[in-house]
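Single-structure report; data block below.
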There are 2 protein chains.
Amino acid sequence: MEPKETKTRLLDAAEHLFAENGYHGTSLRMITTAAGANLAAVNYHFGSKEALIEAVIERRLLPLNRLRTERLQALLADADNRAAAPDLRQTLAAFIEPTLSFRHAGPGNRDFIALIARAMADPNDTARNIFISRVLPVFKLWHQCLSQALPQLDAKTLSWRLHFAIGALSHIMHNLDKLPPADAMPPAADSAREITEMLLSFLCPGMEAPQ
Amino acid sequence: MEPKETKTRLLDAAEHLFAENGYHGTSLRMITTAAGANLAAVNYHFGSKEALIEAVIERRLLPLNRLRTERLQALLADADNRAAAPDLRQTLAAFIEPTLSFRHAGPGNRDFIALIARAMADPNDTARNIFISRVLPVFKLWHQCLSQALPQLDAKTLSWRLHFAIGALSHIMHNLDKLPPADAMPPAADSAREITEMLLSFLCPGMEAPQ
DNA sequence: ATATATTTCAAACGGTTGTTTTAATCAACC
DNA sequence: GGTTGATTAAAACAACCGTTTGAAATATAT
């Protein structure tokens with residue numbers, strides 16, 4: 001097979017190095033060296049270092065968001081057909097299952113998760129803003145789905161509980177490598193499904209608890 | 001009152017600037033200027049930039065850990081006296097309540113929380129390792145307390161649910177400023193208690209759900 | 001094969017970083 | 001009150017950063 005395009009090699013190297021060393025901690029010299037390209041290649045192909053990380057984020061995030069949106073919209077359509085509220089567990093699963101599976105879906109995805117964790121805590125707004133602006137519509141759709149599945153909750157309680165769920169999910173996403181510390185872990189291949197079940201069993205009772 | 005020691009002024013300025021701009025994003029020149037000190041002051045008083053952030057972290061974290069440890073140990077002692085298992089909600093509250101109250105306990109604490117969030121995602125190991133090594137003993141104590149409050153759970157399930165709870169808590173800690181986006185928020189003074197109640201009502205049913 | 005874009009290359013730019021050095025200033029103590 | 005030790009001050013250090021430049025090389029199209 002012919003070697004990849006320089007642009008793709010730059011994206012791959014940047015994804016890996018940004019995940020490992022953060023945005024500031026990764027220099028264009030490191031990226032271009034790892035990609036086997038010239039130092040000026042990033043500025044030539046992307047315009048700047050910021051435009052590079054923007055491209056890195058969008059490459060992985062847009063397909064994942066498409067997956068989650070499809071599942072949530074299918075759930076809404078089905079509930080509408082049955083003239084009933086969507087099931088809570090299915091609503092949670094529609095967002096959580098694709099998210100947790102994402103790590104195992106491709107070679108660069110684990111790096112991408114680490115990159116996002118870094119970006120969310122980075123003082124540099126650009127990466128975080130790119131991520132948030134792309135994720136917010138899916139959160140809104142999820143929120144809408146949940147408010148139909150849990151009509152007995154007032155808006156404020158639902159908002160808080162949604163944030164609790166997001167916190168549990170994202171914490172697991174970012175720290176899956178390192179935990180649990182002592183216990184034997186199931187093999188990575190089917191762990192996504194098992195963790196999903198574990199998380200859903202935990203979240204469902206909390207979401208529908210009396211106020 | 002006499003002006004604070006240079007060392008204290010450096011700690012205060014570093015805490016604020018590290019929280020705002022991150023570790024790499026904050027230069028010694030910014031810190032020493034804000035503290036009204038000479039550029040060489042950090043290397044003179046602390047030895048290096050890394051030793052400085054280590055001192056910044058310990059100053060706030062050790063008292064907080066003392067609070068949490070005291071409450072958890074009091075709970076264990078009380079349960080031992082009554083020859084019964086500690087109450088689940090009280091066990092969760094013993095760790096969560098001091099943590100959420102911490103933000104409002106002092107002027108620099110909010111900055112400190114932001115700093116920790118940055119440190120956890122920072123590629124520089126030192127800050128993260130300092131934080132983890134100081135927090136791990138309290139987590140272990142919490143875990144021990146919870147395993148007594150929930151004897152029906154096997155070790156693996158408890159570990160996962162503990163991580164889910166930690167995720168929900170830390171997500172709220174780091175993002176309290178920004179959420180919920182639209183709803184009216186209670187005044188900051190008593191919000192810690194209200195959020196604690198909200199979080200406990202969410203976590204309790206999840207923790208004791210059947211496996 | 002020639003002419004025209006496109007891509008790569010080496011080199012240098014101005015600027016900031018953490019740290020070190022040397023001298024000046026300040027404090028406390030015999 | 002002079003001396004010793006702690007602190008502050010200004011300047012220079014070498015190293016690295018993202019970006020730009022202009023020429024060389026490559027690929028594309030006529």
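The chains referred to below are lettered A, B, ... by the order of the sequence lines, with proteins before strands, and numbering in each begins at 1.
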To the nearest Å, how far apart are B:His24 NE2 and D:dG18 C1'?
16 Å

Can you sort out which residues in residues 31-46 of chain B have a heavy atom within less than 4.0 Å of DNA chain C? Ascending by number, please.
B:Leu39, B:Ala40, B:Asn43

Less than 6.0 angstrom from the centroid, inside 45 degrees of the normal: does A:Arg68 satisfy that with respect to the ring of A:Phe95?
yes

Picking from C:dT8, C:dT17, C:dT19, the nucleotide nearest the side-chain atoms of A:Thr6 would be C:dT8

Closest-nucleotide mapping onto DNA chain C: is B:Leu28 or A:Arg29 further toward the 5' terminus? I mean the 5' end.
A:Arg29

Charged N to carboxylate O under 4.0 angstrom, A:Glu194 versus B:Lys156?
yes

Quickly work out the A:Lys49 NZ to D:dT20 P distance and round it to whole Å.
15 Å

What is the distance, rounded to the nearest whole Å, between atom CD of A:Glu5 and atom P of D:dT26?
17 Å

Closest heavy-atom contact between A:Pro98 and A:Ala93?
CD-O, 3.5 Å

Integer-rounded Å distance: D:dT19 C1' and A:Leu52 CG:
14 Å

Can you tell me if the side-chain N/O atoms of B:Ser27 get under 4.0 Å from OP1 or OP2 in C:dT17?
yes

Shortest non-hydrogen separation from A:Phe164 to B:Met198 and the atoms involved:
CE1-O, 3.7 Å

I need the minimum non-hydrogen distance between B:Leu72 and B:Val138, along with the two atoms involved.
CD1-O, 4.2 Å

For the residue pair A:Lys49 and A:Tyr23, would you count it as a cation-pi contact if the rule is NZ or CZ under 6.0 angstrom from the ring centre and within 45 degrees of the ring axis?
yes

How many whole angstroms separate atom CG of A:Asn21 from atom P of D:dC16?
15 Å

